[in-house]
Each structure stands twice: as C-alpha cells, then as structure tokens.
Amino acid sequence: MHRVSRLLVCALLAGAALPARAEVFDAETFTLDNGLQVVVVTNRLAPVVTNMIWYRVGAADDPVGHSGLAHYLEHLMFLGTEAHPEGDLLEIVARNGGQQNAFTSWDYTAYHQSIAVDRLPLMLELEADRMRDLSVDDARALVERDVVMQERLERIDNDPAGRLGEQMMAALYQNYPYGTPIIGWEQEVAELDPAVARDVLDRWYVPNNAIVVVAGDIDAETLRPLVEATYGTIPAGPDPQRHRVSEPPQFAPRLVALSHRDVQQDEWLRYYLAPGYITSDDAVTPYALQVLNDLFGGSLTSRLYRNLVVEQEVAVGAGSFYSAGTVGPSQFGLYATPRDGVSLEDLGQAMDAEIQRLLTEGVTEEEVAAARDRLQIDAIYARDSVGGAARMVGAALAIGMSLDEVQAWPDRIAAVTVDDVMAAARQVLDANQSVTGWLQRDGDAPHLASGGSAPVIPGVIQ
Amino acid sequence: MSPWRPMLARSGVVAALAIVCVLALRPIAPAAATEVVRVVSPGGIEAWLVEAHAVPVIALSASFAGGNGSDPAELAGLANLTSYLLDEGAGDLDSATFQQREADTGTRMWFRDGQDRFAVNLRTTTEYADDAFELLHLALTAPRFDAVPVERMRAAVLADIRDNVGNPAWFTWRAFYDLAYPDHPYRQPSRGTVATVNAITPDDLHAFVERTFTRDTLVIGVAGDITPDELGRRLDEVFGDLPAAGSQTVLPDQAPGAAGTRVLIEREGAQSQLLMVQTGIARDDPDYYAALVLDHIMGGGSMTSRLTREVRQTRGLTYGIFSGLYDYEATRQWVIAASMTPSSVPEAIDATLAEVSRLRDEGVTQEELDDAITYLTGSFPLALSTTGDIADILEGMQVYDLGIDYLDEHNHRIAAVTLDQVNRVAHERLTPDAMTILVAGPAVDGFTPDVVMNGQELQARELATEPTL
C-alpha cells in the first residue's frame, strides 16, 4: 500500500469523481410529464439495482444563517411520513434486504437504495411518498439535530485535517457559498429549525427539480411504467431557481496554518479556484484540467510524485486533485506530505518550483498522450460498478449537464492538446487565487520569518 | 491494529466534493448466487472463478498465510513495509520502470498485510492483461528491495505511523491490545514503531517473501472477463515458480484478556472514543450463524439495530454505534464502538450495557429474527456488484473454508437459524459484565476507570527511536 494523504481519504470514500461515459454505461433517459428526469444504466452483473433520486439543492443553497440546513433535511427525511412513520421506512427497506443511505453536497442532495431488482417498485413508492411528505414531530427532529452535531464533532472538530479543510475552504471562497461547510457552522447547527427544513422540502423537492437514476439489472422499457405509477402521480411545483452569488476576482495568496496537539505528521495543501463544467468560459478547459491533473499529480509516475518524492526526497507523498463537477467555481488542489525533517515552508518552495517549471517549460506531447490514455482506461473500470455508474451520471445531471455532454466525455478527453493543457494551467495555477494549508504539530508555530511569501490571515490561525 | 483500517487502492488519488452522509457508513458483508468454477492449472494451482464478460475487466484477489501478527517483535511492521515495496522494482525492472509500466497499462496492483494473512490484489483491463499478470509475477517472485526505494517507503511508513497515532480510534485499540494481549504477538503494532521499522533491512524483506509467498497457503479468487483455460495458463505464469512450502509461525490461541476492566486513555478532544470488547465466536463454531444474526440485531450494520435505536435515535448521543464479530487466527473478538461528547460517555455506556444485558436475559423476538434473516439473505447479492467484490469474496471463502457452494449455501445457513438458537447464544455468549470498556478522552464524572493510561505516553512509545515496548 502506498501512502495516500489522509486529507484526501474522505474524498476517496465519498466516491471518486471519475468520468461518466453514457455510451460506455449504456444509459437511456426519458422525462415524465411532471418534469422528472429518469436515467437508466443497465448492468446485468447481478440481479440487483441501485436506485437514486437526486434533488438539485444542496448546502450552497442554504439560506444565510441556516448553514447545514440541506444536510439536516437529509437526516429528517429518514424519520417518517404520514404513511410510513419513523422506523417504518428503515425497517421496510431492511426487511427487503435493501441497503440505503443519502448524501449532501454543496450542489445536490441524493437518496439511494441498493436492493434486489424485484423490490424496486417498493423503493420507488417509498421515495415518491417522502418527496411529498415529511411527518416528524419537533421533539424527534431536535434529537436528530443532536445527532448531526455529533457528526460534525466526528468529522470536523475532532479531526484536525477536517478542520483545516473547513478553514481553507472558508478562506478560498470570498463570496461564493462553498466557503460555508456542508454540515454547517457549529453555532448555526445548534439552532437549526425543523420548520425551515420543511420549507426546503416544499420548495425544492419537486419532480421538476429531481433526477431519478436506476442502475443495474433493468432497462428503460421495464422501468418506465414503474416510475409513472409512483413519481408520475406527483404534480410539478414552481421551478425552483438557485440564487448563487458569484466569486469576485482575487488578488492575494492566503495561508492557513493550523497547529494541533493531535497532529504528529505535518501535511501541506493548496487549493486554487478553478473552473468546472458549468462555470468554465469555454468547453475545453475542464477537460484540459483533468489531463493536467493526471500528468502533474494524478499517479505515482506523475511529475509531483516523481520529482518531490523520488528525486528530491523532500516528501513521502505528493499529488493533485480536481473535480469539474460543481455548479460554482471548483478547485484544483495540490498536496504533499513532508519527509521527516523537511519543513512545510521548504516543501512549499519545492512545490512552487515544480509549478514554475510547468508554466515556463511546458508539458510534452508524450505526457499529454499518456495521460489521455490513462483516463480512457479509468472509464473502462468505471463501468464495472453498478453503484458507481449511478453516482457519476446522477452527479453530472444534478449540476446541470446533459446526458449528451456526459456521453461526449471520452471524445473531449481525446481531443485535449498540449496547448489546451498549458492554457488551462496558466489560467488556474495563479497564487493570487489560492489558499495554502499547513497542518502541523503543536508547538510548530507558523513561522514565515525567512522569506515566506504568503501572508497569514489573522483569525484563521489556531 | 484496528480491524477498521481503511483499505485504499493505490491508484486512488482522485478528488471529489466533500460529501456528508446521513449515517455513518460501515463496510457491508459478502455475497450471492453466481456460478463458481474451480480452476486447476496444468501446474496444479487452484483458483475459484466467476466468469463475467460484460465488462472487459479482470479482478484477482489472493492471499498467503502470514500477516503482521507474525512479525518478529524486533521487526514489527515487516509485513507492512513489504506491502509497500513489492512493486517498487522487481526482476530486471527498477522502481521507476516498474511504476511506469504499471501506470501506462492501467494496472492496479496493491498488497495489504492483514493480522493473519498477506493479501494480493490485481485489477486489469482485458487489453493489458499480459502486462498486468507479468508485473504481478515479478512482484511476487523477484522483488528487488533496492536501497533507494526501501528508504523512500520506510519514510512513507514512518509518516503513516505518525499520522495514525493522532486518530481517536487508535488510542482505544492501542490500549486494548496492550491490556488484552500482553504477551501475544498480536500486541505489536501492525505498522510497527518508529524503532522497529528503522531496524528492518532488505535481507529481512527478502526473508519475509521467501517464507510467506509459498504455494501451500495460497488461495486465489478471480472474477471477470477471463475463461477457465486462460486462467489456468495465467495461474502457472504468475504463481508457478513460487516455492511449494514455506515456514509459517503458528500463533498461540488466546482469548482477549482484561475482561471486565474499565480503561481511560486520557487525552483532550471534542469527542471521546468508546470501545467495548468481549470474546467473540469463530467462523467455524456451530453457533456462528446464530451469533451473526444476533449481532445484526444488536448493532451490526443496519439502521434498525437496537444499539442504533437506543443510543442514536432515542438519545441523540452519537452519529454511529456499531457492533461486529472479528475472527482472527489466534483470537476472537466481539466489538462495539462509537464516539460521543465526553460528558455523554457514562450514559452511552449504561445504555449500551443495558441493551446487551436485555438481549442476554430476554433474547430477541420472532419478528426481529425474521427481519434479520430477510435482511441478511436479501442483501446478500448486493456485495457482488463489481468483479473486484466477487474476487474478494471467493478468496475469503477459501480462507475460511466455507465450500465452493457457499454463495448458494450462505442464505440456507442464515435462514436455518431459529429463535431458540439465537436466544441460547445470546444467553451463553453475551457477557456484558465481562466487557473490556475503553474510553479515550478526558476524565468525566460517572466513568470510573480501573486503569488510567496517558494518551501522549502511548504516542511517545510508538514514536520513540529506541525500542520501548
């Protein structure tokens, strides 16, 4: 096992942002009269399906002062309806051999079950039921708020890496709501109001703001009557509109240095603002950034690992990450774990030298071709997972991409040139629109005395 | 040391949106009804295969007896360091060349040291299968352990050790193994300590490979786009020139000690970590399936368990509370774990013990049993939804000697569990009064420990450059 930065583990577990290729996945789509979009991804490996419903509302749509609301609603959605009071919903799925869960991101909220294909009609009925109705008494809703607070403690407050990530996002976004944590700020989580959560349900959980994705042992012809009999009976609501503020130009690099008694191993991170599928001014850059990510920091043969870990021996792990799948401005990220005895400042300088070399010397035709090939192989592996395919297609549609755009992914990647990669690199790798994060041992006071170029923002150092 | 150490595919450095789920996720259990074929190569090597040709991907999961539990005390972490180094140069290929071929062919290869076995995983597309199997053959039979990559991976392991000792769950598991297995090799940290990892030489690594990678303890599961004939040929190519037999350490069997002891590992933290352990039940115990059903009802992995209802749904004390049965070569554990605000620790312990006692004294209802059986049998196929999952299960079936018909047999065994059996097992095997209860967090009123350990001292011991264990 090679080392993967612990700071990235959450992202890995949450599901890789692998590319979705509709033709590869054998996806079909149709839309009901009430506006509900349905996608079917056939995979006959086992007689099971993954059933998902995606709502185009997430934490970045939380009203000011109610951060964590979309995620709180996600929890409440398991607590019962008029027809299926608490316990019922959980027990029905379990009794039928199903597994279920849900997740919330900044841009969407999704609910899913994996279950034997003959139980799918029941799952569609349960999901359609809770789209219309939530019947939870306030006392129970407040106990669930305590659960959410424990979740926050576990993910963020009791994990220095989680807390650094939260602080960095807050520093990266100066106006856009991705700076607010999905789970919510502690003091606002403590005040979350079940009535306000119900308003989100009424306004945003309507068929015309949802996408159903069913993957596995099923096809569109079989599925269509099933969804018509369930979701099809729900009337459309007024089209909800996301009102997102925009991110202004940025003019200064930021450094967030977090020291904590629980940290024994330092980590170095950087996030740059980067365009995604939705915010990019052109159709090429998000794909060029995926190629850049692969060749610069996507594997153990990429530049960062080869140069910082193998050649210079200043790090034990180094790489990059990028996801194009966001409604708002996304991030291109870099990370490195210093070898014992190497300071974060020195490691950052080595990283900056690599970036400088990339920008001045460029990339080769061979590097770009190899990266394009590796990404195409990733798409083959992606077909092997029933649940993975559903997630990839659903996430793309939930941010506003069309299935055709998803389908064009392999062609778009294949078309990326050296010039595209360099144009994307120059656009994104600008220190003035970045945040650098230091996770360091307690007592390693942030010290920038010797030529530290990035200013420290008061108030984000702990 | 924790059985929950996450397994990460090495190629997995990818980004995704931070995503928050409604329930703490827990790994799910195996399998379903698919045809399993026993393939024996011309050279006599056996593998179990599920053919699936829809996607051009092949998954192989294999393992050898001998994991980190058998590391010599002064070289603790040997199996783990080996797992980092097998694809860092082998045969005529130096580290850089090996890595480049792996990357260019999309070969995904990783190695993992368990407590008792050393696992080998390969994923390849059909197109690059020749390269992938050749690389695996080299990694297993001719790893080079060149000085430069050894030092690079040693540095990576040391970073992992430093990283790991900050993890809240690490404290409870560390203390548990100290107290429950004081004289047993299992006590050694699976990654080793800074001192023991620094002591490992390339000769030690070669010796580990020689005594561990042998055909007598090898089991292999394969799934995906490959025929039995082709697999037979591949098996000889990859594993054919491994030695027939090696020398495995036989570990003394030992029930976990420190029964009934309450332990506080003092440390600051926004949450305390709770771990409760009692003796478990072996896979080959006649009561195993009844215990599995009982564990499912108690706290094993669904949203409807009694502990989830009591501690999370009713009281809102935790994001997740789980129970599980762990069967190792030399010991068996039944484990409950959760995290919560420090002041809630006494209430969480009381509620948990009360529920375990109620199960022991009153048993479960017929309805609970029926629900558990329908869940455990109905969800069985879900874990077969990728070729990698299937290969893993085929490998596990051989390790635990479950029989080649297990994918069909599993549901029969679960469905045959009766109410009397579950309630007898609950009565005989649940021991709420003899649980080792470990809390890592600040001292709080209402939790009176028998043993107090200092979190920083535990960390310091692991990080010391001189041996202290």
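In what follows, chains carry the letters A, B, and so on, assigned in the order in which the sequence lines appear, proteins first and then strands, with residues in each chain numbered from 1.
- Proximity to chain B is limited to the side chain of Glu313(A), based on heavy atoms less than 4.5 angstrom apart.
- Ion pairing of Asp262(A) with Arg267(B) is present here, as a side-chain N (NZ or NE/NH1/NH2) and a carboxylate O approach within less than 4.0 Å.
- Proximity to chain B (any heavy atom under 4.5 Å) is shown, for Leu142(A), by neither the backbone nor the side chain.
- At a 4.5 Å heavy-atom cutoff, the contact between Val148(B) and chain A is made by side-chain atoms alone.
- For a residue to count as touching a neighbouring chain, one of its non-hydrogen atoms must lie under 4.5 Å from one of that chain's; by this rule Leu45(A) touches chain B with the side chain only.
- Every residue meeting the salt bridge (charged side-chain N to carboxylate O under 4.0 Å, His left out) condition with Glu151(B), not counting sequence neighbours, appears here in chain and number order: Arg154(B).
- No side-chain donor from either of Tyr305(A) and Gln99(B) sits under 3.5 Å from a side-chain acceptor of the other.
- The candidate with the highest count of non-hydrogen atom pairs below 4.5 Å against chain B, out of Val143(A), Asn158(A), Asp146(A), Val48(A), is Asn158(A).
- Heavy-atom distances place both the backbone and the side chain of Val309(A) under 4.5 Å from chain B.
- A 4.5 Å side-chain heavy-atom check between Gln264(A) and Asp163(B) finds every atom pair outside the cut-off.
- Here Asp371(B) pairs with Arg95(A) under the side chain to side chain donor-acceptor pair (under 3.5 Å) rule; sequence neighbours left out.
- Of the charged side-chain nitrogens involved, at least one lies within less than 4.0 Å of a carboxylate oxygen, so that Arg162(B) and Asp340(A) count as a salt-bridged pair.
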